[in-house]
**Q** 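Pasting a structure below so you can have a look.
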Amino acid sequence: MAVAEPARQSTTQETGVKRKPERDGFSTHIGALLATLGSAVGLGNIWKFPAFAGKNGGAAFVLVYLACVFVVGIPLMVAELSIGRAARANAVGTFKRLSPKRPWFLIGAGGAVAAFIIMAFYTDVAGWVFAYVFRALTGALPTTVEGTSAAFDQLVSSSWEPLIWQWIVLAVTTTIVMAGVKKGIEGAIRRLMPALLVLLLISVARAVTLPGAAEGVAFLLKPDLSRLSWSVVLLAMGLAFFKLSLGMGTMITYGSYMPEKSNLFLTAVRVAAADTTISLLAGLAIFPAVFHFGFEPTAGPALLFNTIPAVLGSLPFGRLFTASFFVLTAAAATGAMLSLLEVPIAYLHEERNLPRRTAALITALGIAVLGVPATLSTGPLAGLKIFGLTFFDLFDFLSQNILMPIGGIAIAVYVGWFLRRQKLLGEGPAARYVSAALKFVVPVAIGIILLNGLGLFA
Ligand code: TRP
């Protein structure tokens, strides 16, 4: 909490001086890169990206998405990582150190609140994934779409079962984060990422060697410029934002654990490239098999929980393929959840001086409480609506359409206009590019997403 009396608001020299030498962090460049990738890779790669790409122009959508990543995603990620590393503090403390006595720390506070809200429904879905791992391994999953959708409806509409899975997810992820940044988060990601990649490559190999696979590959990648429209661009931009875990302090917190000399621009580019590759591989693992069996390509829960088990389950060794697909999805979701948990935990630990374990327990408890209405909103509480939305949809809407875009604009404006670029972003063409994007392009682009999300262009 002790902050050196600052001479001026924009002075950044004192940052880093006050930090405690024993502060936890990522141990190597590669560890930092993997952990950041682990945050980006999540449910979004599996149930959002492939289906969005398939429906909105294939390779043409991928190009639009990459443009959004380059113009909005990477500059914002570099901004977040840079301020976190400069201050060596949690999402709130970062602003308090860089700009003491200014209200900028509210950005970090909003991020911590967003983390609870996102986790409330993300752990619900992750719970379903964990349940499916269990069911696939025990052979309890049907292999027809009618069967799987009935089983899925039964799971999400009961009261205790999804809650218990959600608590299992919270217990697992909280236990990992409790062990610390290096031992817990980085250690877990170093195991999860290779497992995820191996299982993904196996799934891709199986899918693309099925008869008729070409149709699925074409669905995912065939460039169709006629599908592109203004609303597809907005969709791609929103997706880039969620995929790269931006706008709510995750990357600020992870930046604060980065080694001094990591090149943050390169880190951001690599994370975005690897994350997009994983999304495309997921698409290659899913759609050839979907088309092989003549299923409809869908998105969201229906794709993940109804179509995939039916498709994979009807292959030879189907139970094994289904189980490995859900294990890889669980691994992806876990890495993302670790990064979400770390935002409030680091805040409570550093700003409120709580022991890390206590901070983790309070965070998990808060999410568990907030998670109850989200989880029950597909069951007993389905009729309870606020502004016409169930709790699940409300949390989803609040975080993605309001809190994250506002956070993103605020961070871009703060770093672009209120901090001195030379100190923070360094010199050279990459820094100039990031700075220019943060000043002009990012606030306008996210402003449009925000207005769009609020339904103003509908
Ligand atoms: N990027 C993750 C996914 O694609 C989700 C996620 C993790 C996230 N951390 C985040 C989203 C922070 C927003 C903010 O599933």
Side-chain angles (χ1 to χ4, degrees), residues 34-53 65 68-69 72-73 76-77 80-81 84 91 107-108 110-126 128-129 169 173 177 185 188-189 192-193 196 235-255 268 271-272 274-283 299-301 303-304 328-347 363 367 395-408 411 446 449 453:
L34 277 178
T36 312
L37 180 61
S39 167
V41 172
L43 295 167
N45 301 62
I46 288 152
W47 83 13
K48 279 196 176 162
F49 189 106
F52 283 14
Y65 174 80
C68 294
V69 163
V72 176
L76 203 51
M77 196 193 286
E80 292 198 26
L81 293 173
I107 301 175
V113 172
F116 279 96
I117 297 178
I118 298 174
M119 278 297 275
F121 67 89
Y122 208 91
T123 49
D124 179 22
V125 182
W128 305 338
V129 174
V169 166
T173 49
V177 182
I185 298 178
I189 295 284
L192 289 171
M193 268 296 155
L196 184 154
L235 190 70
M237 203 129 65
L239 181 63
F241 217 77
F242 184 79
K243 277 304 317 114
L244 298 176
S245 313
L246 298 173
M248 45 77 56
T250 291
M251 290 298 165
I252 298 176
T253 309
Y254 272 23
V271 166
D275 176 67
T276 310
T277 308
I278 290 176
S279 295
L280 291 172
L281 286 174
L303 176 70
L304 188 53
L328 88 84
T329 307
T334 299
M337 289 186 288
L338 298 181
S339 74
L340 282 160
L341 283 172
E342 184 61 21
V343 174
I345 293 175
Y347 161 73
T363 302
I367 295 167
F395 290 166
D396 188 10
F397 180 85
L398 261 182
S399 53
Q400 281 188 64
N401 292 339
I402 297 178
L403 290 171
M404 288 165 59
I406 290 177
I411 292 164
I446 304 177
I449 304 188

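Remember, it's 1-based here, ligands and their atoms both numbered in the order they're listed. Note that the structure is predicted; figures quoted are calculated from it, not measured.
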**Q** Which ligand 1 atoms, with their elements, are less than 4.0 angstrom from a heavy-atom of Thr250?
**A** 12 (C)
**Q** Under 3.5 Å, is there a donor-acceptor pair between the side chain of Asn401 and the main chain of Leu398?
**A** no
**Q** Specify the protein heavy atom at minimum distance from atom 13 (C) of ligand 1: its residue, its atom name, and the distance to 0.1 Å.
**A** Met404 CE, 3.4 Å
**Q** Give a yes/no verdict on whether any heavy atom in Gln400 is under 4.0 Å from an atom of ligand 1.
**A** no
**Q** For Leu43 and ligand 1, does the shortest N/O to N/O distance drop below 3.5 Å?
**A** yes
**Q** What atoms in ligand 1 come closer than 4.0 Å to a heavy atom of Gly44?
**A** 3 (C), 4 (O), 15 (O)
**Q** Indicate the atoms forming the closest heavy-atom contact of Met404 with Phe242, along with that distance.
**A** CE-CA, 4.2 Å
**Q** If you count the atoms of ligand 1 from 1 in the order shown, which ones are under 4.0 Å from a heavy atom of Ser339?
**A** 7 (C), 9 (N)
**Q** Carefully, step by step, assess Ile446 and Ile406 under the rule side chain to side chain contact (heavy atoms under 4.5 Å, CB included).
**A** CA-CA 8 Å; Ile446 304 177; Ile406 290 177; over 6 Å; no
**Q** Could you tell me whether a side-chain N or O of Glu80 sits under 3.5 Å from a main-chain N or O of Ile411, the two making a donor and an acceptor?
**A** no
**Q** Are Lys243 and Phe49 in a cation-pi contact, defined as NZ or CZ under 6.0 Å from the six-membered ring centre and within 45° of the axis?
**A** no
**Q** Return a yes/no value for Ala40: is any of its N or O atoms, backbone included, closer than 3.5 angstrom to an N or O of ligand 1?
**A** yes
**Q** Could you walk me through whether Ser399 and Phe121 pass the side chain to side chain contact (heavy atoms under 4.5 Å, CB included) check?
**A** CA-CA 10 Å; Ser399 53; Phe121 67 89; 3.7 Å; yes
**Q** Do Thr250 and Ser245 get their side chains close enough for a donor-acceptor pair, meaning under 3.5 Å?
**A** no
**Q** How far is atom 12 (C) of ligand 1 from the closest protein heavy atom, and which atom is that?
**A** Met248 SD, 3.2 Å
**Q** Kindly confirm or rule out an N or O of Tyr122 lying under 3.5 angstrom from an N or O of ligand 1.
**A** yes
**Q** When you measure from the heavy atoms of Phe241 to every atom of ligand 1, does any distance fall below 4.0 Å?
**A** no
**Q** Looking at ligand 1, does any of its N/O atoms fall within less than 3.5 Å of an N/O of Phe242?
**A** yes
**Q** Restricting to non-hydrogen atoms, name the atom on Val41 and the atom on Ala336 that form the minimum distance, rounded to 0.1 Å.
**A** O-CB, 3.7 Å
**Q** So which atom in Leu43 and which in Val125 form the shortest heavy-atom distance, rounded to 0.1 Å?
**A** CD1-CG1, 3.7 Å
**Q** Look at atom 9 (N) of ligand 1 and say which protein heavy atom is nearest, naming residue and atom and giving the distance to 0.1 Å.
**A** Ser245 OG, 3.2 Å
**Q** Please list the nearest protein heavy atom to atom 4 (O) of ligand 1 with its residue and the distance rounded to 0.1 Å.
**A** Lys243 NZ, 2.6 Å
